[in-house]
Amino acid sequence: MKAMILKGYGGLEQFAMEEVPTPKPQTGEVLVRIRANGVCYHDVLARQGHFPRTKTPGIIGHEIAGDVAELGAGAGGFKVGDRVALVMKDHCGHCRPCLKGHDNLCQNTGGIFGEEIPGGYAEYISVRAHALVRIPDEVSYEEASVVPCAMGTAYHGLHAIGKVQPGEAVLITGATGGVGIHAVQVARMLGARVIAVTTSAGKTDFLRQHGADEVIVSPDLEFVQEARRLTNGEGVDVIFNIVGQLAWNAALKSMALGARHVFVGNLNAAPVNLRPAHAILKELFFLGTDGVTRGEVETLLELVRLKRISTVVGATMPLADVVKAHASMESRTSLGRIVLTM
Ligand SMILES: [Zn+2]
Ligand SMILES: [Zn+2]
């Protein structure tokens, strides 16, 4: 098969299209002919060497959709030709988190696709059957590839972890990114009032088109005054913090009494300061969210089919154009997910 190999950590020159052996499905595995792979900012960071787990030379990419091409021994539930999306991380199905439905927290497998184990920048991937979810006929491969990571991370964090209620004010940092723009849509779908924060005034229309009720343009991430003004001085009910420490001080001061702060992203990997009295006197909640469960991916694919929510695919391009896709992500000129097709 053809695969876009990441030869080592570094710049765009590290990618090379090569002919490699097509994987053979092992017991319980399903071979998937990949049709689409979403390009995540995680992939850019992986290429640059920020995740030491990433194997090189290797195949990165974890936002995968395609067709079942072959079944390994004992692999049930699917037949050749089924259209499937991959949950971004494999799980064992029998550990404590898996049995409690928290399969996103399973530690018994190779983790996220495209790090220690091969990913989606290729024509085929072999995975265990329970990493797969069937794609409804009305949903395209490109849409389906974006659902588990970009939309799923937003949905798990806002719905299962943040427990967003109708009418609540939700502030989203990093709102124009892949997870961010889907978080805007998920928060809207959950009935919240959506306040999107962006560092770039040029992206205001894009945010409004996708469901933001209010947009705060804040190049220095000092959005406290605006957040308070928009909520009659009370502050917001939920912070969905995709940026991390860079937005922490403003996020903390923007929280209403009893508000929740959900940590989603960690762009500069720096720690945050918190005085316990601040959390005690305002009864604040600080939560972390990681990925999405298989059940949530199924739910979201159905919601996409019903057009209750839509994916934001900004561009599609062939796998051979991976350099163009990464360059566009790195320069932050892309809007919505770029999806590679093969
Ligand atoms: Zn991703
Ligand atoms: Zn498990």
Side-chain angles (χ1 to χ4, degrees), residues 4 6 28 34 36-48 50-51 53-54 59-65 85-122 125 127-133 141-157 174 176-183 185-186 240 242-244 264-267 289-297 300-301 311-316 322 325-326 328-330 332 334 336-340:
M4 187 58 76
L6 181 69
I34 302 172
N37 183 99
V39 181
C40 188
Y41 203 75
H42 185 101
D43 300 357
V44 174
L45 295 172
R47 190 200 78 226
Q48 292 169 342
H50 294 283
F51 306 123
R53 296 180 300 270
T54 309
I59 303 168
I60 64 169
H62 58 266
E63 304 190 356
I64 305 163
L86 275 68
V87 181
M88 60 181 138
K89 194 176 138 186
D90 189 13
H91 61 277
C92 75
H94 54 71
C95 69
R96 203 162 162 231
C98 280
L99 291 174
K100 291 176 123 185
H102 304 308
D103 49 78
N104 57 314
L105 297 178
C106 180
Q107 305 293 315
N108 283 344
T109 63
I112 188 168
F113 293 109
E115 282 192 346
E116 286 167 81
I117 53 176
Y121 287 22
I125 187 168
V127 299
R128 289 199 277 190
H130 53 227
L132 300 174
V133 176
Y141 296 113
E142 289 82 354
E143 290 175 296
S145 72
V146 167
V147 166
C149 180
M151 188 183 278
T153 302
Y155 182 73
H156 183 73
T176 55
V179 173
I181 197 63
H182 288 93
Q185 303 211 91
V186 169
F240 198 64
I242 299 172
V243 172
V264 192
N266 181 24
L267 292 192
T289 188
D290 184 21
V292 64
T293 67
R294 186 179 188 276
E296 287 168 331
V297 173
L300 286 171
L301 284 165
T311 57
V312 187
V313 175
T316 59
V322 71
H326 271 236
S328 165
M329 293 285 290
E330 231 172 322
R332 311 230 174 222
S334 56
R337 264 290 189 270
I338 298 172
V339 176
L340 300 168

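Keep in mind that the numbers below use all heavy atoms, side chains included, and drop hydrogens, waters and symmetry copies. Note that ligands are numbered from 1 as they come in the structure, with each ligand's atoms numbered from 1 the same way. Here the structure is a predicted model, which means the values were calculated and not measured.
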Novice: Do the side-chain N and O atoms of Glu115 and His42 include a donor-acceptor pair separated by under 3.5 angstrom?
Specialist: yes
Novice: Taking Asn266 for its side chain and Gly244 for its backbone only, find out whether a donor-acceptor pair lies under 3.5 Å.
Specialist: no
Novice: Quick one: the OE2 of Glu63, the Zn ion (ligand 1), NE2 of His62 angle, rounded to 10°, please.
Specialist: 120°
Novice: Report the angle formed at the Zn ion (ligand 2) by atom SG of Cys106 and atom SG of Cys95, rounding to the nearest 10°.
Specialist: 120°
Novice: Do the side chain of Lys89 and the main chain of Thr109 share a donor and acceptor less than 3.5 angstrom apart?
Specialist: no
Novice: Got an N, O or S from His91 under 2.8 Å of the Zn ion (ligand 2)?
Specialist: no
Novice: Taking both backbone and side chain into account, is any N, O or S atom of Cys149 nearer than 2.8 Å to the Zn ion (ligand 1)?
Specialist: yes
Novice: Could you pull out the closest heavy-atom pair between Ser145 and Ala65, with the gap in Å?
Specialist: N-CB, 3.9 Å
Novice: Counting backbone and side-chain atoms alike, is an N, O or S atom of Cys98 positioned under 2.8 Å from the Zn ion (ligand 2)?
Specialist: yes
Novice: Is there a side-chain contact between Pro148 and Arg294 in this structure, where contact means two heavy atoms from C-beta onward sitting under 4.5 Å apart?
Specialist: no
